[in-house]
Novice: 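Have a look at the structure that comes next, please.
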Amino acid sequence: MTILITGGAGFIGSNFIPYYLESHQKVEIVNIDKLTYAANPSNLKGAENNKRYAFIKGDICDRNLVESLFAKYDFNGVIHFAAESHVDNSIEAPMEFINTNILGTFNLIDVAKNYWMETSGGPKENYKNSRFHHISTDEVYGTLGDEGLFTEQTPYAPNSPYSASKASSDFIVRSYFHTYGVNVVTTNCSNNYGPNQHDEKLIPTIIRKALLQEDIPIYGNGMNIRDWLYVKDHCLGIDLAFNRGVAGENYNIGGENERSNLHVANMICEILDELRPKSISYKNQISFVKDRPGHDYRYAINAAKIESELGWKAQENFESGIRKTVEWYLNKYSI
């Protein structure tokens, strides 16, 4: 079986590929990545020498390239990570998000449909089990108040250009199941953290700024709440949904670890005070900056469906996962 993975040099994809190669010894993986600023080929050094892994530098918006890869490698699975994902960047420059997240997703699933499906309907004989797995986000659901959880039935209400582009891509994938019968599954995850995350994201920024003895910027009053999911737990959920999920279904994957941004910053500072102590606490570097436009107050996922139907369960709680993460970044930054 040969799987196309998109965006595999990014944060989640670069954690998933080594995990999947190890867990599925008969699977071959082709990774296409545009290598934008958020990708890092060194994240995949562990996979480079694996004979079952190949890397293609390319853009999923290049339809001719996508078609040529299907023809060359005869894919019978796609796991689609590739996306522009930073909310602040989507506010400043939304066009790239529209192109990659919407047009890119359309290209992929349309090419997969043409390659796997008969023109008269139904899958071709050799592709009856071929599946397109779309990786999405809980941000498509909008924002929550102090109570409640996102479920698979929560209406979409995206509030940023990023989340709107992801919602659009979710609906494109859904339509290819209902219209053409393509075997699709979508997972919507909460905020990931762990090794290989880009420096611009919240947790790496807190760690880096702390070590550089710079102000640690926190939006608004720091009370915005996220449900944090350790990236390795997310990889397990993707594996289960791709291989055992029901065609056409969505599965929410969340860590059940709600923490405010300020709480996250304080916890990281406490770990750094222990592991890399200095004369005063790193907490003194926390500063509050102007909130960003359309900043959703709270995300929280109900993961009961994937837990009950597919047997998924997060292995890390936030306290254990964040310690592993801080230790990893201490080694990376070596400041």
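Since the structure is predicted, the reported quantities are computational estimates derived from the model, not experimental observations. Here, residue 1 is the first one in the sequence, and each next residue gets the next number.
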Novice: For side chain to side chain donor-acceptor pair (under 3.5 Å), just list the numbers for His198 and Asn40, CA-CA rounded to whole Å, side-chain angles, deciding distance to a tenth of an Å, and then say yes or no.
Specialist: CA-CA 9 Å; His198 191 269; Asn40 186 349; over 6 Å; no

Novice: For a ring pair (Phe, Tyr, Trp, His ring centres under 6.0 Å) check, start with the C-alpha distance between Tyr299 and Tyr141, then their side-chain angles and the critical distance, and finish with the verdict.
Specialist: CA-CA 9 Å; Tyr299 306 143; Tyr141 297 124; 9.4 Å; no

Novice: Check the side chains of Asp146 and Tyr297 for a donor-acceptor pair under 3.5 angstrom, ignoring hydrogens and angles.
Specialist: yes

Novice: Is the side chain of Asp227 donor-acceptor paired with the backbone N or O of Glu256 at a distance under 3.5 Å, no angle test?
Specialist: yes

Novice: Are the side chain of Asn196 and the backbone of Gly194 linked by a donor-acceptor contact shorter than 3.5 Å?
Specialist: no

Novice: Please name all residues satisfying side-chain contact (heavy atoms from CB on, under 4.5 Å) with Ser169, sequence neighbours left out, ordered by chain then number.
Specialist: Thr105, His134, Lys166

Novice: Is any side-chain heavy atom of Tyr230 closer than 4.5 Å to a side-chain heavy atom of Pro195?
Specialist: yes

Novice: Going by salt bridge (charged side-chain N to carboxylate O under 4.0 Å, His left out), name the residues that satisfy it together with Lys72, two or more places apart in sequence or in a different chain.
Specialist: none

Novice: Does the ring centre of Tyr193 sit less than 6.0 Å away from the ring centre of Phe318?
Specialist: yes

Novice: Under a 4.0 Å threshold between the charged nitrogen and the carboxylate oxygen, would Glu118 count as salt-bridged to Lys124?
Specialist: no

Novice: Looking at Lys305 and Glu249, is any side-chain nitrogen of the basic one under 4.0 Å from a carboxylate oxygen of the acidic one?
Specialist: yes

Novice: Go through the steps for Ile218 and Ile286 under the test side chain to side chain contact (heavy atoms under 4.5 Å, CB included), then give the verdict.
Specialist: CA-CA 7 Å; Ile218 301 296; Ile286 294 174; 4.0 Å; yes

Novice: A side-chain contact here means heavy atoms from C-beta on lying under 4.5 Å apart; do Ile203 and Thr325 qualify?
Specialist: yes

Novice: Would Lys113 count as a cation-pi partner of Tyr176, with NZ or CZ less than 6.0 Å from the six-membered ring centre and within 45° of the ring normal?
Specialist: no

Novice: Answer yes or no: is there a donor N or O on one side and an acceptor on the other, between the side chain of Gln285 and the main chain of Ile216, under 3.5 Å?
Specialist: no

Novice: Angle between ring planes, Tyr19 versus Phe16, binned at 30° and 60°: parallel, tilted or perpendicular?
Specialist: tilted

Novice: Distance only, no hydrogens: is a donor on one side chain within 3.5 Å (strictly under) of an acceptor on the other, for Tyr53 and Asn31?
Specialist: yes

Novice: Start with the C-alpha distance between Phe81 and Asp33, add both sets of side-chain angles, then the distance that settles side chain to side chain contact (heavy atoms under 4.5 Å, CB included), and finish with yes or no.
Specialist: CA-CA 10 Å; Phe81 292 94; Asp33 198 299; over 6 Å; no

Novice: With rounding to the nearest 0.5 angstrom, report the CZ to CD1 distance, Phe242 to Ile79.
Specialist: 4.5 Å

Novice: Is it true that Glu309 and Arg244 make a salt bridge, defined as a side-chain N closer than 4.0 Å to a carboxylate O?
Specialist: no

Novice: For Phe11, check ring-ring contact (aromatic ring centres under 6.0 Å, His included) against everything at least two apart and list the hits.
Specialist: none

Novice: State, without any angle test, whether Asp199 and Tyr333 hold a side-chain donor-acceptor pair at a distance under 3.5 Å.
Specialist: yes

Novice: Using a strict cut-off of less than 4.0 Å between a Lys/Arg side-chain nitrogen and an Asp/Glu carboxylate oxygen, indicate whether Arg323 and Glu274 qualify as a salt bridge.
Specialist: yes

Novice: If we count only N and O atoms by modelled type, under 3.5 Å, do the side chains of Ser136 and Asp170 hold a donor and an acceptor together?
Specialist: yes

Novice: Is it the case that atom CG in Asp74 sees more than 12 heavy atoms from other parts of the structure closer than 6.0 Å?
Specialist: yes

Novice: Answer yes or no: is there a donor N or O on one side and an acceptor on the other, between the side chain of Tyr115 and the main chain of Phe75, under 3.5 Å?
Specialist: no

Novice: Are Asp233 and Lys313 within salt-bridge range, i.e. N to O under 4.0 Å?
Specialist: no

Novice: For Ser165 and Ser168, test the side chains for any donor-to-acceptor distance below 3.5 angstrom and give the result as yes or no.
Specialist: no

Novice: Does Pro123 reach the side chain of Trp116, with side-chain heavy atoms less than 4.5 Å apart?
Specialist: no

Novice: Show your working on salt bridge (Lys or Arg N to Asp or Glu O under 4.0 Å) between Lys209 and Glu214 and close with a plain yes or no.
Specialist: CA-CA 5 Å; Lys209 294 287 188 179; Glu214 298 176 357; 3.1 Å; yes

Novice: Please lay out, stage by stage, how Ile109 and Val184 fare under the test side chain to side chain contact (heavy atoms under 4.5 Å, CB included).
Specialist: CA-CA 9 Å; Ile109 197 162; Val184 307; 3.8 Å; yes

Novice: To the nearest 0.5 angstrom, please state how far the CG atom of Asn221 sits from the CG atom of Asn261.
Specialist: 9.5 Å

Novice: Between His234 and Asn15, is any side-chain donor less than 3.5 angstrom from a side-chain acceptor?
Specialist: no

Novice: Under 3.5 Å, is there a donor-acceptor pair between the side chain of Ser260 and the main chain of His263?
Specialist: yes

Novice: Taking only Lys NZ, Arg NE, NH1 and NH2, and the carboxylate oxygens of Asp or Glu, determine whether Glu67 and Arg63 approach each other closer than 4.0 Å.
Specialist: yes

Novice: Closer than 3.5 angstrom, by distance alone: can the side chain of Gln25 be matched with the main-chain N or O of Glu22 as a donor-acceptor pair?
Specialist: yes

Novice: Which distance, rounded to the nearest 0.5 Å, do you find between the CG of Leu65 and the CD1 of Ile60?
Specialist: 10.5 Å

Novice: For Ser320 and Asn317, test the side chains for any donor-to-acceptor distance below 3.5 angstrom and give the result as yes or no.
Specialist: yes

Novice: Just do the salt bridge (Lys or Arg N to Asp or Glu O under 4.0 Å) check on Glu319 and Arg259 with the steps written out, would you?
Specialist: CA-CA 11 Å; Glu319 286 68 31; Arg259 302 290 188 277; 2.9 Å; yes

Novice: Side chains of Val30 and Thr2: does their closest heavy-atom pair fall under 4.5 Å?
Specialist: yes

Novice: Run the side chain to side chain contact (heavy atoms under 4.5 Å, CB included) check on Val231 and Leu229 step by step: do they pass?
Specialist: CA-CA 6 Å; Val231 66; Leu229 174 66; over 6 Å; no

Novice: Enter the distance from Asp138:CG to Asn302:CG here, rounded to the nearest 0.5 Å.
Specialist: 12.5 Å

Novice: Checking side-chain polar atoms at under 3.5 Å, does Thr137 have a donor or acceptor matched by the opposite partner on Asn188?
Specialist: no

Novice: Could you tell me whether Lys324 and Glu316 have a side-chain N and a carboxylate O separated by less than 4.0 Å?
Specialist: yes

Novice: Going by heavy atoms in the side chains, are Tyr329 and Leu211 under 4.5 Å from each other?
Specialist: no

